Amino acid sequence: MNVLLLLEGVLMLPMALVGMFLNIASIFYFASCHHQRPFHRLLMTLAVVDTVYLITSSLSFSIKHISQAYSDSVWNLVVPYSLPIAQTTMTASVYLTISLTIERYFSVVKPLYQLKNSWLRSSLLLAIPGMAFSLVFTLPNYFMISTIWKNETIHMELSSYLVQNNITFNTEYVPENQTIENLLLEGIPAYITSATGENLSIVEEDNKTLVMLGTRVKPGIQFAPFRNNEVYMKVYVMWLHFIFNSALPLSILLTLNTAIYRKLATLPEHMRRSAEASLRRRELRLARISLLIVFIFILCHTPKVFPSVFEISGHDPYLVPAVVEISHLLLTVNSSVNFLVYYLACGRNICYLFRPSGGLTRTIQMSQREQSTTVSNINDTLINKNLHFNIKRDNDIISNINSISPCSDREITEL
């Protein structure tokens, strides 16, 4: 089997479909939460962006390996739009992961600083800068490819043409006023012309072979002139993409997550049972989920660095066979598993997600019940604290009165 077909067709397309399902499930899951945290809202935004990436990358890379008809005609019409959107959403996914890490960093490592700065608790303010940068950074890609219509000369044996275009006919149903030869020479070209607009005719060559001759208009793609500009290629395509899509994001993620990991390592394993400790444990659990998501992110995004390094160093980006296709597959995996990581890290069985009686609806109900329990625990703690305060206050009043003058039981009862 062809390696390209295996990686970008057989493996990548089913993974993308599974990822779309999981991301859509995560959108409903997080949208149904009554008490959303910035971390949850950022994950929901990331799920939307990843879903768009999976759709557009499948249209750009996967389906053309599965369907010959899509590859011959539809792909040329779709790719000028799907490829730039895929590049924008891939970059947006990178910077949303950074936003996710920044939120966890200040929540775990510098919680007091996060309390003083409200923008660190706003998922909107954390997400918008990276998404805006992604759109601006990939803007040239929207003008780089366009669809053109070109005339193509056809000179092909009739039998091969019929097989290639899935055209069949039954000789048993030849009209009485026509022969098979007339049907071949007149009927089939007329049918093809009316169905596809192709201007074709069938001729018999010297060796008695029937040949299909003619022209047809076929869509193709062309690159904008600036795509061949040496400065554009070296500065934007090579260096800027390498810096802002690979080197800088990976450096930020490694630095922040190292600090988060060190902070988690210094915290006690067991905390006293209270509402405050429960909230703190939840923050730490979300931090560990973030670490796992970032670890998978680094693992899946690292292979795409190699073609850029090869190109910058003057070598062919395909120096390592299939490295680009492997990179596309791993990017699809990364965009598909974030909700799965969150779901499993919360201690839930993945089988429940795929059961009709215990799937997404059950997941949402579990989330709401957990949140209600947390709120109830907080309220109980506050009630207990107020009760303790009131009892202590009453005892202090009675002690003060007794210290001033002796009181009878009746006077104390009136107090």
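In this text, all values refer to a predicted model and were calculated from it rather than measured experimentally.
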Atom of [X], atom of [Y] and distance for their closest heavy-atom approach:
X      : Y      : value
Leu42  : Ser99  : CD1-O, 3.9 Å
Leu135 : Thr88  : CA-CG2, 4.0 Å
Thr147 : Pro219 : CG2-CB, 4.2 Å
Met15  : Thr332 : CG-CG2, 3.8 Å
Leu5   : His65  : CD1-O, 3.2 Å
Val79  : Pro84  : O-CD, 3.7 Å

| Test side chain to side chain donor-acceptor pair (under 3.5 Å) applied to Lys304 - qualifying residues, sequence neighbours left out |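 Partners of Lys304 by the side chain to side chain donor-acceptor pair (under 3.5 Å) criterion, ordered by chain and then number, come out as His301.
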| message | The criterion is side chain to side chain donor-acceptor pair (under 3.5 Å); which residues satisfy it with Thr91, sequence neighbours excluded? | response |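 By the side chain to side chain donor-acceptor pair (under 3.5 Å) rule, Thr91 matches Asn245.
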| query | Does anything in residues 244-265 pair up under ring-ring contact (aromatic ring centres under 6.0 Å, His included), and if so which pairs, sequence neighbours excluded? | reply |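 Non-adjacent pairs meeting ring-ring contact (aromatic ring centres under 6.0 Å, His included): Phe133-Phe244, Phe137-Phe244.
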| field | Met20: which of Ser336, Ser335, Ser58 passes side-chain contact (heavy atoms from CB on, under 4.5 Å) | value |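 Testing each of Ser336, Ser335, Ser58 against Met20, the sole residue satisfying side-chain contact (heavy atoms from CB on, under 4.5 Å) is Ser58.
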| Pairs touching residues 103-117 that satisfy salt bridge (charged side-chain N to carboxylate O under 4.0 Å, His left out), sequence neighbours left out |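 Salt bridge (charged side-chain N to carboxylate O under 4.0 Å, His left out) check on residues 103-117 returns Arg104-Glu283.
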Heavy-atom side-chain contact between [X] and [Y] under 4.5 Å:
X      : Y      : result
Phe61  : Leu83  : yes
Asn257 : Phe295 : no
Leu331 : Ser57  : no
Cys300 : Ile296 : yes
Val94  : Phe297 : yes
Tyr142 : Gln87  : no

| query | Which residue pairs pass the side-chain hydrogen bond (donor to acceptor under 3.5 Å, both in side chains) test when at least one of the two sits in residues 320-329, sequence neighbours left out? | reply |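 Matches after skipping sequence neighbours: Glu8-His328.
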| request: Compute whether any side-chain donor of one residue and acceptor of the other, for Thr56 and Ser82, lie under 3.5 angstrom apart. | output: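 Judged by distance alone, the side chains do not pair up.
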For residues 120-132, tabulate all N or O donor-acceptor pairs below 3.5 Å that involve a side-chain atom, not counting sequence neighbours.
from	atom 1	to	atom 2	distance (Å)
Arg121	NH1	Gln114	O	2.6
Arg121	NH1	Leu115	O	2.9
Ser122	OG	Leu125	N	3.3
Ser123	OG	Arg41	NE	3.1

Return the [atom1] to [atom2] distance between [X] and [Y], rounded to the nearest 0.5 Å.
X      : Y      : atom1 : atom2 : value
Leu46  : Thr97  : CG    : OG1   : 5.0 Å
Leu7   : Leu13  : CG    : CG    : 13.0 Å
Leu329 : Ile326 : CG    : CD1   : 8.0 Å
Leu17  : Leu54  : CG    : CG    : 9.0 Å

| request: Could you please spell out the steps behind the side chain to side chain contact (heavy atoms under 4.5 Å, CB included) verdict for Asn141 and Tyr236? | output: CA-CA 11 Å; Asn141 297 319; Tyr236 178 75; 3.7 Å; yes
| message | So that I know where these two stand, are Tyr342 and Phe30 an aromatic pair - ring centroids less than 6.0 Å apart? | response |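 Yes; Phe30 has its ring centre under 6.0 Å from that of Tyr342.
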